[in-house]
Amino acid sequence: MASSAVLFSSFRGCEFSKPQTLISRSNSPLIVSIPLHRRRYKNGRVFASMSVSSPEVRTGPDDLVASILSKVAQTDRGVLLTKDKHKEVAEVAQELQKYCVSEPVKCPLIFGEWDVVYCSNPTSPGGGYRTAFGRLFFKAKEMIQVVEAPDIVRNKVYFSALGFLDVEVSLKGKLKALDDKWIQVVFEPPELRLGALEFQYGGESEVKLEITYIDDRVRLGKGSRGSLFVFERLRKTV
């Protein structure tokens, strides 16, 4: 298996799947078949009823991206969503997966600064700080992930503790490509900054994530335990 450094330093660009036909068209004018159902009455008058079948219209990736972002907006990264709303987000993500590039791990669009705008499991980003109990004391303000070439991942979570203390938890990890879609990141022990106090605690951690969709605006991922993540791009890195 090639190392992540080799994989991420020798990109050839994203190879997108062939666009799917949304509405069947031809060079000739659109012809709509209108069947006539005739009914003759005794007075000789003829009545005709028409039925027109509407063509199937499928939503493209741009509309799906806009839809999923609107569904997760102002939801505290998914915490405030009901079960049915989580299901709607998952359905849109499933549709977007059909438009994913063929080898997303090799796509240079992966690099950049991303905002974690949604997770189906609220404790996946932020750990214990994002549990129901932790949210009583820690309010998440920002959740940022930076992916730097060739293989560095930095996660930063900014909290407000007790309404007046600024808290920052950061992790630095090394990325490894497992195949064309799956990545593994091994993180160093997290660093906690509380006001002027800064220290490292805990041990190493590891995550595996499948990239299910990526473009210049969003990135979708699914964890090894099934958690769905939605990342919105803040900026690209050079």
Side-chain angles (χ1 to χ4, degrees), residues 65 68-83 85-86 88-90 93 110-148 151-175 183-214 217-237:
V65 167
I68 201 167
L69 289 178
S70 67
K71 291 180 182 297
V72 303
Q74 305 298 319
T75 66
D76 193 12
R77 296 163 180 82
V79 171
L80 303 179
L81 289 180
T82 64
K83 185 177 180 180
K85 294 299 183 180
H86 278 292
E88 290 180 10
V89 174
I110 192 175
F111 298 120
E113 186 173 323
W114 303 86
D115 185 8
V116 185
V117 294
Y118 172 82
C119 182
S120 57
N121 180 1
T123 61
S124 289
Y129 300 98
R130 294 283 287 168
T131 62
F133 181 76
R135 292 196 303 272
L136 295 176
F137 305 95
F138 297 92
K139 181 179 180 181
K141 297 193 296 183
E142 286 186 286
M143 290 188 180
I144 307 299
Q145 182 178 86
V146 180
V147 185
E148 302 173 351
D151 57 2
I152 299 299
V153 177
R154 302 179 190 273
N155 288 352
K156 293 185 179 182
V157 185
Y158 300 90
F159 296 99
S160 174
L162 304 176
F164 64 93
L165 289 175
D166 290 330
V167 181
E168 177 186 337
V169 179
S170 60
L171 297 93
K172 178 182 177 182
K174 190 172 181 65
L175 184 151
I183 61 174
Q184 177 190 55
V185 183
V186 178
F187 288 102
E188 299 173 1
E191 293 183 356
L192 176 66
R193 179 179 296 174
L194 178 59
L197 183 64
E198 184 176 350
F199 60 92
Q200 199 170 42
Y201 67 97
E204 291 187 345
S205 58
E206 174 187 304
V207 297
K208 293 181 180 178
L209 190 74
E210 178 189 10
I211 302 174
T212 59
Y213 179 79
I214 187 169
R217 188 176 179 188
V218 300
R219 171 165 58 93
L220 305 186
K222 184 173 290 186
S224 57
R225 297 182 180 180
S227 297
L228 172 64
F229 292 84
V230 179
F231 304 85
E232 183 175 13
R233 187 184 299 280
L234 295 175
R235 66 181 181 86
K236 297 180 181 179
T237 57

Exercise. In chain order, what residues pass the side-chain hydrogen bond (donor to acceptor under 3.5 Å, both in side chains) check against Lys222, with sequence neighbours excluded?
Worked result: none
Problem set entry | Listed partners of Glu88 passing side-chain hydrogen bond (donor to acceptor under 3.5 Å, both in side chains), at least two apart | Lys71
May I ask you to test the [X]-[Y] pair for a side-chain heavy-atom distance under 4.5 Å?
X	Y	answer
Phe187	Val153	yes
Ile110	Ile214	yes
Val186	Lys174	no
Cys119	Arg77	no

Problem set entry | Minimum heavy-atom distance Pro190-Leu171, with the two atoms named | CB-CG, 4.0 Å
Exercise. Within the side chain of Gln200, is there an N or O that forms a donor-acceptor pair under 3.5 Å with the backbone of Pro189?
Worked result: yes
With [X] via side-chain contact (heavy atoms from CB on, under 4.5 Å) - residues at least two apart:
X	answer
Thr82	Asp84, Lys85
Ser120	Tyr118, Ser227, Leu228
Ala161	Phe138, Leu165, Val167
Gln74	none

Results of salt bridge (Lys or Arg N to Asp or Glu O under 4.0 Å) for [X] - residues two or more places apart only:
X	result
Glu198	Arg193
Lys139	none
Asp115	none
Lys141	Asp166

How far does [atom1] of [X] sit from [atom2] of [Y], to the nearest 0.5 angstrom?
X	Y	atom1	atom2	result
Leu192	Phe159	CG	CZ	9.5 Å
Ile68	Tyr213	CD1	OH	10.5 Å
Ile144	Trp114	CD1	CH2	12.0 Å
Phe231	Leu220	CZ	CG	9.0 Å

For this session: Evaluate the criterion side chain to side chain contact (heavy atoms under 4.5 Å, CB included) for residue pair Arg217 and Leu69; output intermediate values, then yes/no.
Result: CA-CA 10 Å; Arg217 188 176 179 188; Leu69 289 178; 3.5 Å; yes
Exercise. Taking only residues at least two apart or on different chains, which pairs with a member in residues 203-212 satisfy side-chain hydrogen bond (donor to acceptor under 3.5 Å, both in side chains)?
Worked result: Gln184-Glu206
For this session: Enumerate the residue pairs fulfilling side-chain hydrogen bond (donor to acceptor under 3.5 Å, both in side chains) with a member in residues 154-165, sequence neighbours excluded, ordered by first and then second residue.
Result: Gln145-Asn155, Glu148-Arg154
Exercise. Is there a side chain to side chain contact (heavy atoms under 4.5 Å, CB included) between His86 and Leu81 once you walk through the steps?
Worked result: CA-CA 6 Å; His86 278 292; Leu81 289 180; 3.6 Å; yes
